[in-house]
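Reminder, nothing fancy here: chain letters follow the sequence lines and each chain counts from 1.
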Amino acid sequence: MSDAPVRILVADDEPGMREGCRKILVAEGYAVETAADGVEALEVFERHGDISVVLVDLKMPRLGGMELIEAVRQRDPDVVLLVITAYAAINTAVEATKRGAFGYIPKPFLPDELLLRVRNGLEMRALTIEARRLREERERRLLEVAAERTQSRTIIDCMTDGVLVVNRDRQIVLRNAAARRLMPEIAGIPLPAELETIESAEVRAIIDETLAARTEPQIAIREIPLGSGTYMVNASPVLGSSGESYGAVAVLRDITALTKLAAAKSMFVSMVAHEVKSPLAAIESYLNLLLSGTGGHDPERDRRMLERCMVRAKTLRTMVSELISLVAVETGKFSLKRSPLDVGAVVAEVVDAYKDRAAEKNIQLTLATLGSAQTKVLADREAIRSVFNNLVDNALKYTPAGGQVRVAVSLEQLSVCVSVRDTGIGMSPEERSRVFDDFYRAKNEFTANVPGTGLGLSLVKKFVELHQGTVTVQSEPGQGSEFTVRLPVGE
Amino acid sequence: MDGQPRTVLVVDDDPDFLFLLRELLEGHGFRTVVFESRAAATAWLADHRPDLVVSDLMMDALDAGFSFARWVKEQPSLAGVPVLIVTAVGSALGLDFAPRTPAELEALHADGYLEKPVSPTALLERIHALLGTAGEERLS
Ligand SMILES: Nc1ncnc2c1ncn2[C@@H]1O[C@H](COP(=O)(O)OP(=O)(O)O)[C@@H](O)[C@H]1O
């Protein structure tokens with residue numbers, strides 16, 4: 001485009017004038033079109049589309065110069081319109097300038113005069129176009145910046161972390177929605193606001209430290225209590241391009257859940273430590289006594305002590321495997337191997353396996369399958385078996401000799417329902433509410449003599465829930481207990 | 001010692017320890033009364049006075065042994081009865097109850113502190129020492 005010659009249109013009904021102008025302009029390197037009247041001029045103008053300068057004679061047939069000027073101006077605001085006029089018509093030329101002509105050239109004129117006006121006009125045109133380009137670009141940039149600003153503000157506001165920006169004069173200059181929620185005292189106040197407005201001394205301190213460290217930018221990270229939670233505050237200096245500090249930005253992240261998790265974890269470890277240490281201490285103490293030979297030799301008594309060691313060691317082993325399963329379930333590492341499973345059949349196997357134990361304790365163990373409907377669910381055989389093993393095992397453990405344990409399998413609308421009911425010692429409401437807790441064991445004279453880990457029912461609940469099922473308990477002290485498991489069918 | 005067997009009350013929710021201590025102490029001429037809960041022990045203590053109390057630490061509550069010890073110390077009828085805490089918790093993570101100085105022990109209202117597993121000789125030594133102290137106190 002820039003290499004193409006500037007195209008000029010000469011519109012004059014006088015052939016001599018047209019030719020004269022054409023020659024002068026062509027000699028100067030311009031491309032020149034000519035037209036004998038206004039209508040033709042407009043046609044030529046539209047046909048070429050790249051005409052930058054139009055020389056207009058005001059007196060032309062068909063479409064007069066004045067009309068042509070307006071028509072051209074309408075089509076292209078940047079075209080340079082020059083009126084060629086006789087000295088007598090100067091007033092009209094002025095009028096034409098008002099309507100959009102760039103200037104006029106009084107006739108007669110010298111070639112240089114014409115060229116000068118054309119050059120001036122073109123320069124003017126270039127300047128106008130450049131100015132407009134710049135203006136448009138600036139406007140576009142401004143729009144972009146404005147959009148970016150609202151965008152980043154929206155992003156900052158949508159962050160779940162609280163964000164605070166403080167300038168070097170210890171004034172809050174920005175606080176996002178999360179920060180307003182966290183520190184209601186700075187929610188409604190106009191900015192900038194004094195740092196002192198913030199109630200938390202810890203937050204003020206960490207910002208002050210960051211502001212104070214001007215020479216060496218330092219990032220401070222601290223855990224602080226805020227409201228009812230625990231927050232991790234991370235403050236860093238806001239640095240200019242040459243490294244000077246403009247202030248500090250603090251990000252406040254809610255780590256309450258994490259802190260609670262960490263506390264729960266160490267609580268769990270403490271409990272494991274205690275639960276593991278107790279049977280170990282018992283075993284070791286028995287062995288100490290047996291080995292020290294203190295208290296004479298009573299083979300009957302020694303045998304009983306060794307048997308107790310055996311019981312405690314077995315419990316310990318059960319506990320370790322239960323702990324491994326529990327941790328696997330909790331960390332999501334326990335992968336269920338689901339296949340169509342006949343729950344009724346698994347329950348029957350479990351009940352069968354406990355027949356001897358029940359007989360030994362003189363407990364009547366029965367299984368009832370209500371209806372002949374199929375009891376297939378998509379489930380992990382081992383997990384389901386351990387669920388019912390635990391429930392039947394507990395029912396037998398916590399039922400004194402002479403009692404009954406009834407297992408029933410039935411099909412409900414959307415689930416297979418298995419209940420294990422015993423006539424045992426039952427539970428108080430307090431005990432009932434805690435049976436599914438890790439390590440919980442009811443403490444009374446009866447349970448004290450029953451070995452257990454307090455993890456069995458935790459696992460039962462976790463396994464059942466992994467299958468989107470539920471487990472509930474009904475029990476009264478001395479009236480026996482009933483555990484009910486529901487597993488959804490047709491998944 | 002006046003020839004009369006000394007009575008040791010033992011509270012522990014682990015029946016194996018009750019069995020163990022009974023075997024050990026009765027084998028050494030003590031009389032034992034054992035309980036699986038603070039409640040049962042407290043009830044018995046209402047109208048009995050043992051020569052020594054041995055208590056587990058972590059029973060129905062984390063520090064059940066210490067509050068039981070304090071209760072014993074607060075009973076006028078049990079004045080001068082030494083309390084020995086025996087525990088498997090010891091310094092399990094985050095649960096460091098082990099007193100390190102006599103002052104700390106006193107703050108816990110206990111006269112002695114032993115960790116499980118118990119060695120028969122250590123336990124007997126400690127019990128004799130405590131009964132000796134208690135005996136002297138009774139003389140003065
Ligand atoms: N059928 C039941 N009857 C009475 N109490 C029960 C029964 N099943 C469980 N419990 C109570 O719930 C506690 C937790 O059970 P569980 O998690 O299986 O651990 P444990 O190894 O002690 O049996 C038991 O210690 C017992 O106090």
Side-chain angles (χ1 to χ4, degrees), chain A residues 262-298 300-302 304-313 315-316 430-431 434 439-452 454, chain B residues 10-30 32 34-41 43 54 56-65 85-98 114-125 127-128:
Chain A
K265 228 173 166 180
S266 56
M267 183 64 203
F268 185 76
V269 172
S270 302
M271 286 200 309
V272 171
H274 177 250
E275 297 300 324
V276 170
K277 258 187 127 177
S278 296
L280 277 178
I283 293 167
E284 226 176 302
S285 303
Y286 274 128
L287 296 177
N288 266 337
L289 189 61
L290 288 167
L291 290 171
S292 70
T294 26
H297 280 286
D298 176 351
E300 198 42 49
R301 185 205 69 164
D302 292 359
R304 240 194 97 200
M305 288 192 180
L306 287 171
E307 274 167 4
R308 288 303 306 165
C309 286
M310 192 61 147
V311 169
R312 301 298 300 253
T315 315
L316 198 54
E430 141 86 6
E431 291 166 347
R434 297 184 57 190
F439 295 115
Y440 178 76
R441 303 200 69 210
K443 292 205 166 161
N444 54 54
E445 274 145 56
F446 190 91
T447 58
N449 293 306
V450 177
Chain B
V10 186
V11 207
D12 199 315
D13 64 349
D14 187 335
D16 280 312
F17 271 92
L18 298 180
F19 175 42
L20 256 162
L21 289 199
R22 194 164 49 204
E23 288 301 320
L24 177 67
L25 296 177
E26 304 219 326
H28 284 82
F30 292 96
T32 56
V34 303
F35 297 98
E36 272 172 24
S37 71
R38 279 195 284 181
V54 176
D56 182 25
L57 179 56
M58 205 164 139
M59 294 183 281
D60 45 321
L62 272 186
D63 58 350
I85 301 269
V86 181
T87 178
V89 186
S91 38
L93 193 81
L95 291 169
D96 191 357
F97 287 117
L114 266 186
E115 285 199 17
K116 294 178 187 175
V118 292
S119 115
T121 34
L123 183 72
L124 286 170
E125 255 172 38
I127 287 177
H128 280 302

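Between Thr447(A) atom OG1 and Glu36(B) atom CD the span is 8.0 Å, to the nearest 0.5 Å. Expressed to the nearest 0.5 Å, how far CG of Asp12(B) lies from OG of Ser278(A) amounts to 8.5 Å. The structure places CZ of Arg301(A) at 12.0 Å from CZ of Arg22(B), a figure rounded to the nearest 0.5 Å.
When all heavy atoms of Leu24(B) and Leu289(A) are compared, the closest pair comes out as CD1-CD1, 3.2 Å. Closest approach of Ser285(A) to Leu20(B), counting heavy atoms only: CB-CD1, 3.4 Å.
Without hydrogens or angle criteria, Asp16(B) side chain to Ile283(A) main chain gives no donor-acceptor distance under 3.5 Å.
Cation-pi contact between Arg308(A) and Phe19(B): absent, since separation from the ring centre below 6.0 Å together with deviation from the ring axis within 45° is not met.
With respect to the salt-bridge test (charged N to carboxylate O, under 4.0 angstrom), the residues Asp14(B) and Arg312(A) qualify.
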